[in-house]
Amino acid sequence: MSEEDRAIQERARGFIDEDLIPWEQHAEEHDGEIPEAERAKHHDKAIELGLFAMNMPVELGGTGMTTFQQVLVSEQLGRVTNALGWCVHTPPAWAPAVVSEHQMDTWIKPTIRGEMHECYAITEEGAGSDVDAIEATARRDGDDYVLNGVKMHVTSFNHAAYCFFQAKIVGGEHEGEHAMFFVDVDATGVRVVRTPAYTHTYADHHPLVAFEDVRVPVANLIGDEGDGMAFTYEWFRYERLMIAARCCGAADRLITEATAFAKDRVQFGEPIFAFQAIQHMLADSLTELWAARLMTYELAKNIDRGVDVKLQHAQCSMAKLYASEMAGRVADRAVQIFGGRGYMRENVAERFWREVRVDRIWEGTSEVQRSIIADQLGKRGVSPLIG
Ligand SMILES: Cc1cc2nc3c(=O)[nH]c(=O)nc-3n(C[C@H](O)[C@H](O)[C@H](O)COP(=O)(O)OP(=O)(O)OC[C@H]3O[C@@H](n4cnc5c(N)ncnc54)[C@H](O)[C@@H]3O)c2cc1C
């Protein structure tokens, strides 16, 4: 780590410890909500500390961090529960290279400035892992497109000003190809179908959203007809890496808290830390965290070095797969070490135990990651993938 890397890491760590972690329990007890003034304070401080839009170039108003520096920040964000870390926002990294000037000024720059928030409407009832199965449609009509479809798990829709809507083109030479659009959430024809409850307790909801004859100007199409899937793949790579980083942060916090508890908690006249069964759970957890962290850091540095995108794709899958499964095991052991207290919602291990579960599902399930890794192994062999 350079001096600058360390300074960024310390800035993020201080923010999480002093400003965010103290609100976890309140959020848990209030459906993920914290007082509005406090939420605004977190948002402003994230900007003031230079952590906001860390993946965006400086010339667009972002912080322009290296991928490795972004991983260091994301790792710290992973140490807090209840999605309080989502006050640090990263607009889609692929956007600056492909959006028009109009789209940049209308949606991306205000997002970088923290004035508006986006969400992603890709998954559908019949299209989860198999994104190509989406049934949402986009039909050209004069200077507009008419959009239809029902999207599922649209994270942060309740806080968003606009969404990225993925659909298949109907008619014309790109019939059946994927396209991506900017759609304002208050556009006519956009409707929340329902807001289901999820395992975690987050202020950001994941509703089903219907798009019924939503008319958007051609200027809302991102790139060209047929480009939609490429943006989604790029987003997957970025998010898989950042999920790996957040899982490392979660495991770090869990091991730290469980170790402190084990040293303090006395049963049979001794701190439970003295019992080999407890020591082994902590030792396994620390060892697995180290492996996941090394993998995640190395991948981030590989991306900064500009390694081949196919290699990045496979390594992002490996890091996400390993780190998310590692975090699940560590959270489960932490609950066990805390005993009955670990089953209480006021306990950090209980919250993480529920929260890290989704990291094995979203942005590609563990099964899908394994398929990607095996596919690359079959095509390229061992050395090109892991050096
Ligand atoms: C909390 C949450 C937030 C989300 N946020 C968003 C969002 O903001 N925007 C959005 O568009 N989507 C979002 N998603 C959707 C998420 O990306 C999908 O849930 C995920 O891709 C899996 O799809 P699925 O749930 O339909 O599962 P399915 O694809 O139906 O999979 C079910 C099971 O079958 C397995 N399976 C599927 N295909 C294969 C295969 N080829 N080989 C082996 N096993 C397979 C899966 O691994 C899984 O175990 C979110 C999901 C959750 C839970």
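Just follow the structure's listing: the first ligand is 1, and inside any ligand the first atom is 1. Positions are given from 1, in the same order as the sequence printed here.
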Does Arg370 pair with Glu367 as a salt bridge, N-O distance under 4.0 Å?
no

Checking one residue: Met65. Which other hydrophobic residues are in its cluster under the side-chain 4.5 Å linking rule?
Ile8, Phe15, Ile16, Leu20, Ile21, Trp23, Ile34, Leu49, Leu51, Met54, Val73, Leu77, Val80, Leu84, Val88

Could you pull out every protein residue that has a heavy atom closer than 4.0 Å to ligand 1, ordered by chain and then number?
Tyr120, Ile122, Thr123, Gly128, Ser129, His153, Thr155, Tyr198, His206, Val358, Ile361, Trp362, Glu363, Thr365, Glu367

With a 6.0 Å cut-off (strictly less than), is the heavy-atom count around CZ of Phe275, excluding the residue itself, greater than 12?
yes

Hey, can you tell me if Phe181 and Phe165 have their rings parallel, tilted or perpendicular (30° and 60° cut-offs)?
tilted

According to salt bridge (charged side-chain N to carboxylate O under 4.0 Å, His left out), does anything in residues 59-84 pair up with another residue at least two apart or in another chain? List the pairs.
Asp17-Arg79, Glu75-Arg293

Taking side-chain contact (heavy atoms from CB on, under 4.5 Å) as the test, write out the residues that go with Arg140, two or more places apart.
Tyr145, Val218

